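Report on the following structure.
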Amino acid sequence: MSDAAHIPDEAETRARWGGFAWTPENAEQAQKIIARYPPGRQQSAVMPLLDLAQRQVGAETGTQGWLPVPVMEYIGAQLGMAYIRVYEVATFYTMYNLAPVGRYHVQVCGTTPCMLRGSDDVLEACYKKGLKKGATTADGLFTLTEVECLGACANAPMVQINDDNYEDLTFDSMTAVLDTLAAGGQPKIGPQIERQTSCPEGGPTTLKEMVAENHDYRGRWEATGNAPA
C-alpha cells in the first residue's frame, strides 16, 4: 500500500534491536503471562507478549512502540515458535506496529459506519495539521493510519490514539484533540459530545420514569452508606 509505514533497513534494525531482552520487570510479567496457559500451550501467550514487547520498545524510544524483527524473533524463541508464526500474528492485527511510529499513533476508522458519519472530515482535520497516512510528522509526535472497524460503530466517526478511543468526532473536535495532545495535554476520552458511552445523546429517550426512580434509590443508598456494589 502506498500509505504503508516505512520499515527500516534490516541491517539498521538488527544493529539497534538485535540485543533486545526483557527488562527485569517485563521478564517477570512475561513469565506470569506464559504461566496462564497449560504446559505445551505456551504459544498461546504470543499476543500479550507482542503487546508487552511493543510497549517496552515504546518506553525506550518515547513513542507508542513497534515490533522490530529481532524483537519478534526473541518472542518466538521464548515460546518455541517459528519466527514466521509470530510474524503472522503481528501482521494480522493493527494493534501491532511493524514500523516505527510517533508518540501518538492516530488510527482513523474508515469503515462504512464511520465513513457515512464523517470520517473524511476527521481525516481532513488530520491533514490540516500536517499528518499524512503512513508517515510520522517531523516533530515525531503523530503517525497517521487509516484502519478498519475499531468496534465503536454507534459512536462513529471515531479514532484510536494509542490506548484511547475518541468518538462522535467532527472536523473541529478532531482538531481540538490533536491540538491538546500536541500541547502535552490529555483530551477527553470517549464521546466528544454530551453522552455517556453509547447512550442516546441528551440522555434516555425511553423508560424515563424507571431511570429517575433508580437514581432516587441510588441516592438513598449512598446517603445511608449502604449502596450496592
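All figures in this text were calculated on a predicted structure; none of them were measured in a lab.
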Original post:
Checking Gln56 side chain against Ala21 main chain: does a donor-acceptor pair fall under 3.5 Å?
Top reply: yes
Subject >> Backbone of Gln29 reached by a side-chain donor or acceptor of Asn26 within 3.5 Å >> reply: no
Original post:
Is the closest side-chain donor-acceptor distance between Asp139 and Thr137 under 3.5 Å?
Top reply: yes
Subject >> Met174 side, atom CE; Ser119 side, atom OG - distance, nearest 0.5 Å >> reply: 11.5 Å
**OP:** Considering only Ile, Leu, Val, Met, Phe, Trp and Tyr, and joining two whenever side-chain heavy atoms are under 4.5 Å apart, list the other residues clustered with Met158.
**Re:** Val147, Leu150
Original post:
Given a cutoff of under 4.5 Å between side-chain heavy atoms of I, L, V, M, F, W and Y, with clusters grown through shared members, what are the other residues clustered with Phe171?
Top reply: none
Original post:
How far does CD of Glu201 sit from CD of Glu194, to the nearest 0.5 angstrom?
Top reply: 8.5 Å
Original post:
Any idea how Trp22 and Phe20 line up, ring-wise: parallel (<30°), tilted (30 to 60°), or perpendicular (>60°)?
Top reply: perpendicular
Original post:
Cluster question for you: counting only ILVMFWY and a side-chain heavy-atom cut-off of under 4.5 Å, with indirect links fine, are Leu123 and Leu141 together?
Top reply: yes
**OP:** Could you tell me whether the side chain of Ile34 reaches within less than 4.5 Å of the side chain of Leu79, counting heavy atoms only?
**Re:** yes
**OP:** Verify, without hydrogens or angle tests, whether Gln192 (side chain) and Lys188 (backbone) share a donor-acceptor contact under 3.5 angstrom.
**Re:** yes
Subject >> For the student: nearest non-hydrogen atoms of Leu169 and Tyr166, plus distance >> reply: CD1-O, 3.3 Å
**OP:** For Asp120, enumerate each residue passing the salt bridge (charged side-chain N to carboxylate O under 4.0 Å, His left out) test, keeping only those at least two apart in sequence or located in another chain.
**Re:** none
Original post:
Are Glu12 and Arg16 ion-paired here, with the side-chain N under 4.0 Å from a carboxylate O?
Top reply: no
Subject >> salt bridge (charged side-chain N to carboxylate O under 4.0 Å, His left out) against Lys132, all qualifying residues, sequence neighbours excluded >> reply: none
Original post:
Tell me, which pairs form a ring-ring contact (aromatic ring centres under 6.0 Å, His included) where one or both residues lie in residues 110-141, sequence neighbours left out?
Top reply: none
Subject >> ring-ring contact (aromatic ring centres under 6.0 Å, His included) partners of residues 40-60, not counting sequence neighbours, each pair once >> reply: none
Original post:
In Å and rounded to the nearest 0.5 Å, what is the OG1 to CG distance from Thr143 to Leu131?
Top reply: 8.0 Å
Original post:
Quick one: do Arg14 and Glu73 make a salt bridge, cutoff under 4.0 Å?
Top reply: yes
Subject >> Smallest separation among heavy atoms of Leu178 and Ala125, with atom names >> reply: CD1-O, 4.1 Å
May I have the list of side-chain donor-acceptor pairs in residues 111-118 shorter than 3.5 Å, sequence neighbours left out?
residue : atom : partner : partner atom : Å
Thr111  : OG1  : Glu148  : OE1          : 3.1
Thr111  : OG1  : Cys149  : N            : 2.8
Arg117  : NE   : Ala156  : O            : 3.3

Subject >> Of all pairs that satisfy ring-ring contact (aromatic ring centres under 6.0 Å, His included), the ones with a partner from residues 134-160, not counting sequence neighbours >> reply: Tyr104-Phe142
**OP:** Check the surroundings of atom CD in Gln196: do more than 12 heavy atoms from other residues, nucleotides or ligands lie under 6.0 Å from it?
**Re:** no
Subject >> Backbone of Met95 reached by a side-chain donor or acceptor of Gln54 within 3.5 Å >> reply: yes
**OP:** Just jot down the salt bridge (charged side-chain N to carboxylate O under 4.0 Å, His left out) partners of Asp168, sequence neighbours excluded, or say none.
**Re:** Arg195
Subject >> All salt bridge (charged side-chain N to carboxylate O under 4.0 Å, His left out) counterparts of Arg36, not counting sequence neighbours >> reply: none
Subject >> Nearest non-hydrogen partners of Thr197 and Pro191, listed with the distance >> reply: O-CG, 3.3 Å
Subject >> Straight-line distance of Thr175 OG1 to Asp172 CG, nearest 0.5 Å >> reply: 6.0 Å
Subject >> Criterion side chain to side chain contact (heavy atoms under 4.5 Å, CB included) on Asp164 and Gln186, from CA distance to verdict >> reply: CA-CA 10 Å; Asp164 299 319; Gln186 174 59 64; 4.3 Å; yes
Original post:
Where is the tightest heavy-atom contact between Glu146 and Gly110, given as atom of each residue plus distance?
Top reply: OE2-CA, 3.5 Å
Original post:
Could you give the distance from CD1 (Ile75) to CG (Leu49), rounded to the nearest 0.5 Å?
Top reply: 5.5 Å
Original post:
How would you list all residue pairs meeting ring-ring contact (aromatic ring centres under 6.0 Å, His included) that involve residues 75-102, not counting sequence neighbours?
Top reply: Tyr83-Tyr87
Original post:
Taking atom CZ of Arg85 as the centre, does the number of heavy atoms from other residues, nucleotides or ligands within less than 6.0 Å exceed 12?
Top reply: no
**OP:** Check the hydrophobic clustering (I, L, V, M, F, W, Y; side-chain heavy atoms under 4.5 Å; chains of links allowed) and say if Leu144 and Trp66 are grouped together.
**Re:** no
Original post:
Do Thr170 and Asp121 come within less than 4.5 Å of each other through their side chains, counting heavy atoms only?
Top reply: no
Original post:
How close do Pro70 and Trp17 get, heavy atom to heavy atom, and via which atoms?
Top reply: CB-O, 3.4 Å
**OP:** State plainly whether one hydrophobic cluster holds both Val101 and Leu98, where clusters connect Ile, Leu, Val, Met, Phe, Trp and Tyr through side-chain heavy atoms under 4.5 angstrom apart.
**Re:** no
**OP:** Side-chain contact test, heavy atoms from C-beta onward, threshold under 4.5 Å: evaluate it for Thr61 versus Pro100 and give yes or no.
**Re:** no
**OP:** Would you indicate whether the side-chain heavy atoms of Leu67 and Asn97 approach each other to under 4.5 Å?
**Re:** no
Subject >> Tyr74 vs Pro68 side-chain heavy atoms within contact, under 4.5 Å >> reply: no
**OP:** Working to the nearest 0.5 Å, report the span between CG of Asn165 and CD of Gln107.
**Re:** 9.5 Å
Subject >> side chain to side chain donor-acceptor pair (under 3.5 Å): pairs with one or both residues in residues 40-53, sequence neighbours excluded >> reply: Asp51-Arg55
Original post:
Of Asn162, Thr145, Thr63, which is the lone residue that meets side-chain hydrogen bond (donor to acceptor under 3.5 Å, both in side chains) with His105?
Top reply: Thr145
**OP:** Using a 4.5 Å cut-off on heavy atoms from C-beta on, say whether the side chain of Pro157 contacts that of Cys109.
**Re:** no
**OP:** Taking the side chain as every heavy atom from C-beta outward, state whether Val106 and Cys126 have any pair of such atoms under 4.5 Å apart.
**Re:** yes
Original post:
Tyr37 and Pro48: which non-hydrogen atoms are nearest, and at how many Å?
Top reply: OH-CG, 4.4 Å
**OP:** Identify whether Val46 and Ile33 are in the same connected component of the hydrophobic contact network (ILVMFWY, side-chain heavy atoms under 4.5 Å).
**Re:** yes
